[in-house]
Participant: 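Provided herewith is a single structure, encoded as structure tokens, for subsequent inquiry.
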Amino acid sequence: MGTPSYRPEGFAAPLEIPADVVEAMVAHCQREAPLECCGLLGGEPPRVSSFHPLRNAAASPTRYDADPRDLIAAVVDLRRRGAEILAIYHSHPRWAAVPSATDLRENHYGAVPRIIVSLLTEPPDVRVWRLEPESYEELAWTVVQPAGTALHDPHRAE
């Protein structure tokens, strides 16, 4: 899979995430606790229009590794819709919503924003970051009203 074309430094607007996507992302993190979870948010910059939870193949409380089949299915869906990966999210069930050394070391998507959901507080703390090999910078984001959001969650029991 090639590197996504999204570059947050390429526009001034904050990432726009619909309220239903924030709720679905947090719910996914809570369902998977005490394990870390992961997923993708897709759309056209700066507006998120789809939610793609992925299974954590690592099944670990301290790291995540997206299930390759889930990742491929999400990318195929995004390409079909002409969308791109706008953010990658994961949870920190027992730590603050701040990038860890592992997050920095295992950043394979360059400037694509990383959302970290900490479950230490109620409500959970949701923060967005740009990761560099040895540093990180917090990015602005905003909750917007839903407008045709696609919530792709094949693993959720209705």
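Here the structure is a predicted model, which means the values were calculated and not measured.
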Participant: To the nearest 0.5 Å, what is the distance between CG on Leu131 and CG on Asn107?
Facilitator: 4.5 Å
Participant: Identify the heavy atoms of Ser49 and Gly43 that sit nearest to each other, and give their distance.
Facilitator: OG-CA, 3.3 Å
Participant: side-chain contact (heavy atoms from CB on, under 4.5 Å), that's the test. Do Arg127 and Glu138 meet it? Break it down for me.
Facilitator: CA-CA 7 Å; Arg127 297 173 74 181; Glu138 191 159 15; 2.8 Å; yes
Participant: Side chains of Tyr136 and Arg114, heavy atoms from C-beta outward: is any pair under 4.5 Å?
Facilitator: no
Participant: How far apart are the closest heavy atoms of Leu104 and Pro133, and which atoms are they?
Facilitator: CB-O, 3.8 Å
Participant: Which atom names give the shortest non-hydrogen contact between His52 and Gly42, and what distance separates them?
Facilitator: CD2-N, 4.4 Å
Participant: Taking the side chain as everything from C-beta on, heavy atoms only, tell me whether Val117 gets closer than 4.5 Å to His28.
Facilitator: no
Participant: Does anything in residues 104-113 form a salt bridge (Lys or Arg N to Asp or Glu O under 4.0 Å)? List the pairs, not counting sequence neighbours.
Facilitator: Arg63-Glu106
Participant: After noting the C-alpha distance and the side-chain angles of Leu71 and Leu40, does the key distance pass the side-chain contact (heavy atoms from CB on, under 4.5 Å) rule?
Facilitator: CA-CA 8 Å; Leu71 183 58; Leu40 304 175; 3.8 Å; yes
Participant: How long is the span from the CZ atom in Arg47 to the CD atom in Glu16, to the nearest 0.5 Å?
Facilitator: 6.0 Å
Participant: Ala66 and Cys38: which non-hydrogen atoms are nearest, and at how many Å?
Facilitator: CA-SG, 3.9 Å
Participant: Taking the side chain as every heavy atom from C-beta outward, state whether Arg31 and Cys37 have any atom pair closer than 4.5 Å.
Facilitator: no
Participant: Heavy atoms, side chains only, cut-off 4.5 Å: are Trp141 and Pro46 in contact?
Facilitator: no
Participant: Do Val98 and Trp129 make a side-chain contact, defined as non-hydrogen atoms from C-beta onward lying under 4.5 Å apart?
Facilitator: yes
Participant: Locate the shortest heavy-atom distance separating Pro61 from Pro93; write the atom from each residue and the value.
Facilitator: O-CD, 4.1 Å
Participant: Among Val48, Ile88, Leu78, whose side-chain contact (heavy atoms from CB on, under 4.5 Å) with Leu41 holds?
Facilitator: Val48
Participant: Roughly how far apart are Ile115 CD1 and Leu15 CG, rounded to 0.5 Å?
Facilitator: 6.0 Å
Participant: Which pairs with one or both residues in residues 90-99 pass side chain to side chain donor-acceptor pair (under 3.5 Å), sequence neighbours excluded?
Facilitator: His90-His92, His90-Asp103, His92-Asp103
Participant: Is it the case that one hydrophobic cluster holds both Ile85 and Ile72, taking links as side-chain heavy atoms less than 4.5 Å apart, direct or via other members?
Facilitator: no
Participant: Tell me, which pairs form a salt bridge (Lys or Arg N to Asp or Glu O under 4.0 Å) where one or both residues lie in residues 32-43, sequence neighbours left out?
Facilitator: none
Participant: So if you build clusters from Ile, Leu, Val, Met, Phe, Trp, Tyr with side-chain heavy-atom gaps below 4.5 Å, do Val126 and Leu119 land together?
Facilitator: yes
Participant: With the side chain counted from C-beta on, respond yes when Pro113 and Leu86 share a heavy-atom pair under 4.5 Å apart, and no when they do not.
Facilitator: no
Participant: Give the C-alpha distance, both sets of side-chain angles, the deciding distance and a yes or no for side-chain contact (heavy atoms from CB on, under 4.5 Å) between Ser60 and Leu35.
Facilitator: CA-CA 5 Å; Ser60 168; Leu35 303 179; 5.6 Å; no
Participant: Stepwise, does the side-chain contact (heavy atoms from CB on, under 4.5 Å) test hold for Asp20 with Val22?
Facilitator: CA-CA 5 Å; Asp20 58 342; Val22 175; over 6 Å; no
Participant: Would you say Val144 and Val21 are hydrophobically clustered, going by side-chain heavy atoms of ILVMFWY under 4.5 Å?
Facilitator: no
Participant: State, yes or no, whether a side-chain contact exists between Gln145 and Pro18 at a heavy-atom distance under 4.5 Å.
Facilitator: no
Participant: Just by distance, do the side chain of Asp125 and the backbone of Ser118 share a donor-acceptor pair under 3.5 Å?
Facilitator: no
Participant: Does some side-chain heavy atom of Tyr64 sit less than 4.5 Å from a side-chain heavy atom of Tyr89?
Facilitator: no
Participant: Under 3.5 Å, is there a donor-acceptor pair between the side chain of Asp67 and the main chain of Ala57?
Facilitator: no
Participant: Any chain of hydrophobic side-chain contacts (each under 4.5 Å) joining Leu120 to Ile116?
Facilitator: no
